[in-house]
Amino acid sequence: MFATEGNAKCGPISLSLRARSCLLPAACAKLPVWRACAAASPQIKTKMESKDYKSTILLPQTAFPMKADLPLREPKFLERWDNEGIYEKIIERRASESAPRFILHDGPPFANGDGHIGHLLNMTLKDLVLKSRNMMGFSAPFVPGWDCHGLPIEHKVMQDKSKGGEDLTDPVAIREACEATARKFIAIQRGQFKRLGVFGEWETPYLTMDPAYEAEILRTFAKLVDKDLVYNDLRPVRWSTGCQTALAEAELEYDESRVDPSAFVKFPITDAASRLKLEALAGKPLATDASLFALIWTTTPWTLPANLAIALSPHLDYALFDGGEGTGVFLCAVDLAPKLPLADDRKVQLHGSTFKGSAFAPTVGVTTTSEGRKAAEFFAQHPFLDRASHFYAAEFVTAETGTGLVHIAPGHGQDDYNLGKAVGLRLLSPVDDRGCLSAECGVPELVGQYVFKANGPILEMLESKGLLLAKKDYPHKYPLCWRSKTPIIFRAVKQWFIKMDFRADALKAIGEVKWVPNWGENRIRGAVETRPDWCISRQRTWGVPIPVFYGEGGQPLMSGASIRAFADIVEREGTGVWFSTPDDVMAKRLGVYGAGRKGRDTLDVWIDSGSSHAAVLRKRGWWPADMYLEGSDQHRGWFQSSLSLSVASLAGDKDNPSGTPYKQVLTHGFVVNEEGRKYSKKDGALDILSLVKANGADMLRLWAAMQDYRQDIPMSKELMARAVDTYRAIRNTVRVLLGNLHDFDPAVHTQAQSAWSELDLYVYTRLQEVVRTSRAAYEAYEFHLAVQAVTRFCNVELSALYVDVLKDSLYCDAADDPARRSAQTVMRLIASTLARLLAPATPFTAEEIWDELNRHDAQSESIHLQLFPKADEAALSSAPALLERWTGLLALRSRVNEQLEGARRRKEIGKSLEARVEALPALGVQPDDVPLLRTLCMVSQFDIVDARDVTPSETAEAGAEIFVRRARGTRCIRCWKYDEATGADAEHPELCPRCTRVVTSLPAASVTAG
RNA sequence: AGGCCUGUAGCUCAGUUGGUUAGAGCAUGCGCUUGAUAAGCGCAGGGUCACUGGUUCGAGCCCAGUCAGGCCUACCA
């Protein structure tokens, strides 16, 4: 058996890799050479000469290939599912079972590009929810949707049109082009989502541009108008100068590395009364020739022309400071004065004592306006306009940066507006739609300048007047328009708003929703609590028009009734009718009298998607939905717009008093690259089609299922490779199970549990644990734990233990041996269980396994019509004792493996079947367990020996109770086990008794001469 | 600056209500196998469970603080 030095070069049987590399020249060490050498060896032929028993061995056979070829194989399943109408079939099946409903409402993606990896993650998670709920016995219909209106599409269309030199003024033409663009991308995305194996009503999705849907948007809007929640007002909004429209917060992105010029500006205090009051507060008079200033800080010098006031914190300490020669005395917060970036490191001198900012009452929200005005008789002079700038105390002023004195331009900031409103300031916003200063700014040289270009000239002007104390570049994040990428400005424009009067109701509804993960609740709560009135008008054409008319004096004419009248028209004709119908005709159709002209604004698209609770859910009787599932950015977006609109229009409903559109909200993080950063194009192709082509849908789905999606989700080639590894491990393990079922007909060969071996029962019990863990994980939407449980079971229990140990029985026992049939029974059960547990994650592969598993059954139906396996509670309840015993057995096996490895290293054995294990009584092995241990350790013999049989040196050397020796007897050529009785049969001199028995029972033809 | 989340092996993650020696997979190294073979098996190295303190008979887990990373809000006037 052992190769001698002489024939080692050609003896493949015992030649180790190490021996090879030692004995052969490097060039010959390559495998093909070695194989050729072995094939030519005469020894081999002699060995096989007697009889070829290989044909009597029941090796695995299966049509389930090792290589998945997912990109090629998956389309065939898609076609089959399409042909049999799998989605409809599932819905019908659950309906026939009177299954409870589970509604996952699809958040509509924008139809403005290819599906990318973010869509892939979101859609896969949705499908994991749907497929797993379906297999838990719920009826889980899925109506996908698309958000069709809005700036992203219109912007794209306008760019294309302007490139082509086309007309940009005809709203009807623009809308046609927008619709075509939306339809194009809906078709593309739909194809991609279907390709992922997502089941749903793909032929009848909901589109926010469908007339019926548009009508529901308007009807929802009408309800808000009925409740007097909608108003038209002049107030600052986020304005995109690039797109010339108001924007929602969710339509912004942030420039992380923007630098603006910050300026410390001196406002002269020339009013005698104000000067006297300040001297009194400081408790020390000023030199008569000393000039006095209020010092403010700003990062937007272009807003200075709109300055109407100065705000101070009521809580901060202020004082007058002497800046020394040429600077004068100025008012500044005490904590901030030393931090002023003065030239020459000049230090400021405190003049007199400090005083609280509350001296400049009113505090906004505390003091009434009339009293406030009276108290606020401090004022400074505007630095370059003939205007007083009054002092007020306001809570929002902080001591983080600046001077503690805030320049207030009510037309250019939210806080500024609120303060101005409280104290009765007018609204000045001398900037036009393009972001250029208008004549109202009061400085002729600046008129027509783009605001960010005007910063420089304004600073120069201040400097020339000696009113610029200091300037310093200030790096900060700054909001940009998500489409035109231009910096946004705050600008007062006449807009339509929704009053947040229902805020309390919204907050109450938030408390009734289950947020997963739970910090989502804080996030949306914060967003709703701080949200100012909702600016809902957009100066666009691709959207649902606000059906308002303006009378002669510009007064808006709109009512719930006129909106509903319009909705009824839209239901039939679509919203395009607003743009194609002359003003007077439209007014007449809506029954609006005294109307001058139609409004030109459209509704914020967040109203579109936020109305899906009405247009989709309520229409189908699905309101509220069981779940919304989107990325965490939607707390500010869809989660909030849906909640707001649903609560505002429907709170108090008898079946859903809180008016919430959803019972549960699941959120996921964003896909990032390996460094944890947002994905960029450099990181590789990320559109769904390329990803699917390269990996197959199941692989991508498995990747998605394996992630803890609550955090940001890293994606890279390496991490994808990990999913590939997992997939392969599962696939190969299942393949062995299937391969060993080649002669197993469940209807005929299934063995009762009472006939199973203890190993069968052990693995079966572990399987039940996997079922329990996995189901619980699906129920809690922790898909990665479900996948992990299955993977772990495949690797640890199946591949390394069960399958490995059972090979001898499966391959070499008689086909109908009860032990073999029992193992097959359990293996089939395992394969069937795993397939169903994996079906939501890898629907294609699961179906492929299911096909193979049910090849005997012509009636077999798709795995996606099945239910998840239920854990065998009886088995689990008796599990603890069994598992405890097996923990011991496997620990013993592990110790034996260590010793086998030692023997292998000493070149005493190769494969474990060449070994005999000797265990000392001290090890505590029960004699009854000896045959089981022999099987588990895959050795030819396992003996309990008296200590005296072991030489003292060995005992001392090993210090252990386990010894490995060469197996006794002769190797059976068929099963490779060593047995002293091998050769006892004259007919089969090279076989052990078991194999002799098996072979003898076979028809003679089965054994062929070699 | 405030709020929230996260920190366990080189990497990705498990770790049940606190309970013996903290586990998988991948990667690495060394072998075995050639009857799962572009597979499979074994062994090995690798962890002060971010750090510090506390509660407890006992802490990866509970509490407090520190540090690091991430997200959100405010970054503003």
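Numbers restart at 1 for each chain; the letters A, B, ... are given by sequence-line order, proteins then strands. Fair warning: this is a prediction, and the values are worked out from it, not measured in the lab.
- Nearest nucleotide to the side chain of A:Lys907, out of B:A36, B:C32, B:A44: B:C32.
- For the pair A:Glu898 and A:Asp808, nearest-nucleotide mapping onto RNA chain B gives the more 5' position to A:Asp808.
- Ranking B:U12, B:U37, B:C32 by closeness to the A:Arg735 side chain, first place goes to B:U37.
- Atoms CZ (A:Arg238) and C1' (B:C75) sit 14 Å apart, rounded to a whole Å.
- Heavy atoms of A:Thr303 sit nowhere under 4.0 angstrom from any nucleic acid atom.
- Nearest nucleotide to the A:Arg636 side chain, out of B:A39, B:G35, B:C72: B:C72.
- You'll find that the side chain of A:Asp804 is closest to B:G40, out of B:G40, B:C26, B:C72.
- Side-chain proximity of A:Asn897 to B:C26, B:A36, B:G42: nearest is B:G42.
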Toss me the dot-bracket line for RNA chain B: Watson-Crick and G-U wobble, both under 3.5 Å, 5' to 3', using | for pairs to another strand and [ ] for crossers.
(((((((..((((.....[...)))).(((((.......))))).....(((((..]....))))))))))))....
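- Taking the side chain of A:Lys807 as heavy atoms from C-beta on, and the options B:C26, B:A36, B:C30, the nearest nucleotide is B:A36.
- With hydrogens and angles left out, the side chain of A:Thr791 and the base of B:A24 share no donor-acceptor pair within 3.5 Å.
- Between the side chain of A:Ser912 and the main chain of A:Met938, a donor-acceptor pair closer than 3.5 Å is present.
- Geometric assessment of A:Arg731 against the ring of A:Phe64 yields a positive cation-pi assignment under the 6.0 Å and 45° thresholds.
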